[in-house]
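Here's the structure we're looking at; comments come further down.
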Amino acid sequence: MPLLQTGSIELGHADIVEAVTDFAQAKAKGKKPAERTLLLNRIVTDTRVCSFISNTDESTFRFTHKSFFEFFVAHAIIRNLTKYRSFRRSQNSENLPEKS
């Protein structure tokens with residue numbers, strides 16, 4: 001969420017590589033090295049040719065419109081809230097007294 005933290009709709013090349021690498025590593029667990037490399041290459045290509053992301057120069061990417069940025073921020077917030085609520089429910093159910 002570097003974009004949300006900085007309030008910018010631009011990402012540097014290093015930020016994209018970090019996000020793509022984290023995502024690819026999560027998706028590639030248990031896969032062979034060649035499959036992991038192919039997956040990473042596909043993700044990088046998708047990022048570069050994606051219609052809602054453009055290159056402003058050789059090392060900077062930006063959303064073509066601020067509404068795309070806002071959509072993805074909202075998506076991340078909802079995803080995190082859902083995870084938090086699930087965690088809280090599991091914590092509450094563990095602390096409930098047993099029925100007799």
Side-chain angles (χ1 to χ4, degrees):
M1 289 252 242
L3 294 173
L4 180 59
Q5 294 165 348
T6 63
S8 173
I9 60 172
E10 293 185 346
L11 274 179
H13 179 69
D15 296 320
I16 292 283
V17 169
E18 180 182 346
V20 167
T21 301
D22 291 347
F23 177 78
Q25 286 176 348
K27 292 289 184 187
K29 285 185 181 178
K31 295 187 187 241
K32 296 177 183 177
E35 292 173 321
R36 279 185 257 163
T37 301
L38 181 61
L39 176 64
L40 182 58
N41 288 336
R42 284 182 183 164
I43 293 169
V44 169
T45 299
D46 287 349
T47 302
R48 288 186 180 187
V49 299
C50 186
S51 63
F52 56 85
I53 297 176
S54 63
N55 287 75
T56 55
D57 58 40
E58 187 63 31
S59 63
T60 306
F61 297 87
R62 72 179 289 131
F63 287 101
T64 55
H65 195 275
K66 191 174 180 180
S67 61
F68 288 117
F69 163 74
E70 293 166 342
F71 168 81
F72 286 108
V73 168
H75 184 268
I77 290 169
I78 290 169
R79 187 179 61 232
N80 289 335
L81 284 173
T82 302
K83 286 180 185 177
Y84 176 74
R85 285 182 183 150
S86 293
F87 172 76
R88 293 291 295 164
R89 279 191 211 118
S90 69
Q91 293 296 309
N92 288 340
S93 66
E94 291 174 4
N95 296 328
L96 292 175
E98 292 183 27
K99 294 182 179 180
S100 47

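Keep in mind it's a predicted model, so treat the numbers as computed, not measured.
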Rounding to 0.5 Å, atoms CG (L38) and NZ (K32) come to a distance of 13.0 Å
For F69 and F63, take the angle between the two ring planes, folded into 0 to 90°, and tell me which bin it lands in: parallel under 30, tilted 30 to 60, perpendicular over 60. tilted
More than 12 heavy atoms from other groups under 6.0 Å of CZ on R79
yes
